[in-house]
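Notes for the one structure printed next.
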Amino acid sequence: LNRIKASGLKLRFCTNETQATREKFVKKLQGMGFDISVDEVTAPAPAACRILKERSLRPHLLVHNDLIPEFAEIDKANPNCVVIGDAAENFTYANLNEAFRVLIGMEKPVLISLGRGRYYKETDGLKLDVGAYMKALEYACDVQAEVVGKPAKMFFESALAEMEVPPQQAIMIGDDIVNDVGGAQRCGMRALQVRTGKYRPCDENHPHVKPDAYVNNLAEAVDIILQQL
């Protein structure tokens with residue numbers, strides 16, 4: 001990443017991280033040695049807050065406890081929508097049922113999801129992601145969720161707008177064939193798939209998404225990008 005910054009290229013971290021505030025997420029990455037600041041991170045929660053304010057929506061939150069500070073300035077009294085994120089241990093039957101009751105009681109239910117990932121990888125293995133629970137509420141309430149975060153076009157577009165870069169001049173590097181690579185390509189960006197993280201060999205036969213290139217790791221991706229300058 002230091003090599004990218006030294007080359008003068010603009011950089012944004014597009015994350016679907018919804019278990020922590022951007023500050024906490026940045027501290028974690030800084031602890032791993034990454035030179036990164038909060039204003040370089042595009043994350044679903046602040047994007048959702050913009051939507052809530054614009055549409056005068058008051059959310060019932062089904063999110064991770066650590067994410068709640070991101071919604072500090074949002075009115076949550078008498079909710080008229082549900083916001084769902086990767087709530088991890090908060091995905092209990094009681095909590096899902098409470099969100100279901102809020103939605104089913106509305107004439108026109110509004111469900112905002114901070115991503116639609118199926119699963120993600122942690123050190124102790126694969127974990128169910130927010131998309132699985134989003135689908136449960138969609139099915140129960142016969143509602144279509146509005147997705148904020150990857151692969152939503154609006155999410156990539158806000159990152160591009162923050163950098164003031166057109167999509168044709170941007171490259172996404174990611175490990176998720178659908179949310180990273182597919183989402184970026186639908187926006188007009190090019191995308192590299194890294195063979196690390198949640199990547200699985202079967203991704204290379206994906207019926208719809210074909211990355212512009214495969215790389216074995218992030219360092220190799222940086223090599224390719226810098227060679228093309």
Practice task
Give the C-alpha distance, both sets of side-chain angles, the deciding distance and a yes or no for side chain to side chain contact (heavy atoms under 4.5 Å, CB included) between Arg116 and Met134.
Solution key: CA-CA 7 Å; Arg116 56 181 303 162; Met134 174 195 92; 4.2 Å; yes

Transitive ILVMFWY side-chain link [X] to [Y], under 4.5 Å:
X      : Y      : value
Tyr139 : Leu96  : no
Val38  : Phe34  : yes
Leu57  : Ile68  : yes
Ile51  : Phe155 : no

Close side-chain approach of [X] to [Y], heavy-atom, < 4.5 Å:
X      : Y      : answer
Phe13  : Thr42  : no
Leu11  : Lys5   : yes
Tyr120 : Asp129 : yes
Leu103 : Leu137 : yes
Leu192 : Ile225 : yes
Leu114 : Leu67  : yes
His206 : Val178 : yes

Practice task
Report the C-alpha separation of Ile224 and Val215 in whole Å, then their side-chain angles, then the decisive distance to 0.1 Å, and conclude whether the side chain to side chain contact (heavy atoms under 4.5 Å, CB included) test is met.
Solution key: CA-CA 9 Å; Ile224 286 177; Val215 288; 3.4 Å; yes

Are there over 12 heavy-atom neighbours, none belonging to [X], within less than 6.0 Å of that residue's [atom1]?
X      : atom1 : value
Gln168 : CD    : yes
Lys28  : NZ    : no
Arg12  : CZ    : yes
Lys210 : NZ    : yes
Arg58  : CZ    : yes
Lys24  : NZ    : no
Arg101 : CZ    : no
Glu73  : CD    : no

State whether the side chain of [X] and the backbone N or O of [Y] hold a donor-acceptor pair below 3.5 Å, judged by distance alone.
X      : Y      : value
Asp203 : Arg200 : yes
Lys135 : Val130 : no
Gln227 : Val222 : no

Exercise for the section: Could you go through the side chain to side chain contact (heavy atoms under 4.5 Å, CB included) check for Gln193 and Ile177 one step at a time? Expected result: CA-CA 7 Å; Gln193 165 95 34; Ile177 186 80; 3.4 Å; yes

Salt bridge or not for [X] and [Y], using N-O below 4.0 Å?
X      : Y      : result
Lys198 : Asp176 : yes
Asp223 : Arg3   : yes
Arg22  : Glu70  : yes

Would you say the side-chain atoms of [X] and [Y] include a donor-acceptor pair closer than 3.5 Å?
X      : Y      : value
Gln19  : Asp86  : yes
Asp212 : Gln185 : yes
Asn90  : Asn65  : yes

Working to the nearest 0.5 Å, report the span between [atom1] of [X] and [atom2] of [Y].
X      : Y      : atom1 : atom2 : answer
Lys27  : Ile36  : NZ    : CD1   : 12.5 Å
Ile173 : Glu220 : CD1   : CD    : 11.0 Å
Leu62  : Phe91  : CG    : CZ    : 5.0 Å
Ser37  : Gln30  : OG    : CD    : 8.0 Å
Ser113 : Ile84  : OG    : CD1   : 5.5 Å

For the residue pair [X] and [Y], what are the closest heavy atoms and their distance?
X      : Y      : answer
Phe25  : Ala20  : N-CB, 4.5 Å
Glu157 : Cys187 : CG-SG, 3.9 Å
Cys81  : Met106 : N-CE, 3.2 Å
Pro59  : Ile74  : CD-CG2, 3.5 Å

Donor-acceptor contacts, no H, no angles, side chain residues 142-154, under 3.5 Å, sequence neighbours left out:
unit_1	atom_1	unit_2	atom_2	d
Glu146	OE1	Arg55	NH1	2.7
Glu146	OE2	Arg55	NH2	3.1
Lys150	NZ	Cys14	O	3.0
Lys150	NZ	Asp180	OD1	2.8

Handout entry: Residues Lys10, Glu40; criterion salt bridge (Lys or Arg N to Asp or Glu O under 4.0 Å); working and verdict
Key = CA-CA 9 Å; Lys10 293 178 179 178; Glu40 291 175 310; over 6 Å; no

Handout entry: Residue that, paired with Leu52, satisfies side chain to side chain contact (heavy atoms under 4.5 Å, CB included) out of Val110, Asp75, Ile112
Key =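 That would be Ile112.
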
Practice task
Start with the C-alpha gap between Asn217 and Arg195, add the side-chain angles, then the distance that decides, and say whether side chain to side chain contact (heavy atoms under 4.5 Å, CB included) holds.
Solution key: CA-CA 6 Å; Asn217 50 50; Arg195 292 188 176 105; over 6 Å; no

Exercise for the section: Report the relative orientation of the aromatic rings in Tyr199 and Tyr214; use parallel for angles under 30°, tilted for 30 to 60°, perpendicular for over 60°. Expected result: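 Aromatic pair Tyr199/Tyr214 classed perpendicular.
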
Practice task
Flag this pair as yes if the NZ/CZ of Lys76 is under 6.0 angstrom from the six-membered ring centre of Phe71 and inside a 45 degree cone about the axis; otherwise no.
Solution key: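 So Lys76 doesn't make the cation-pi contact.
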
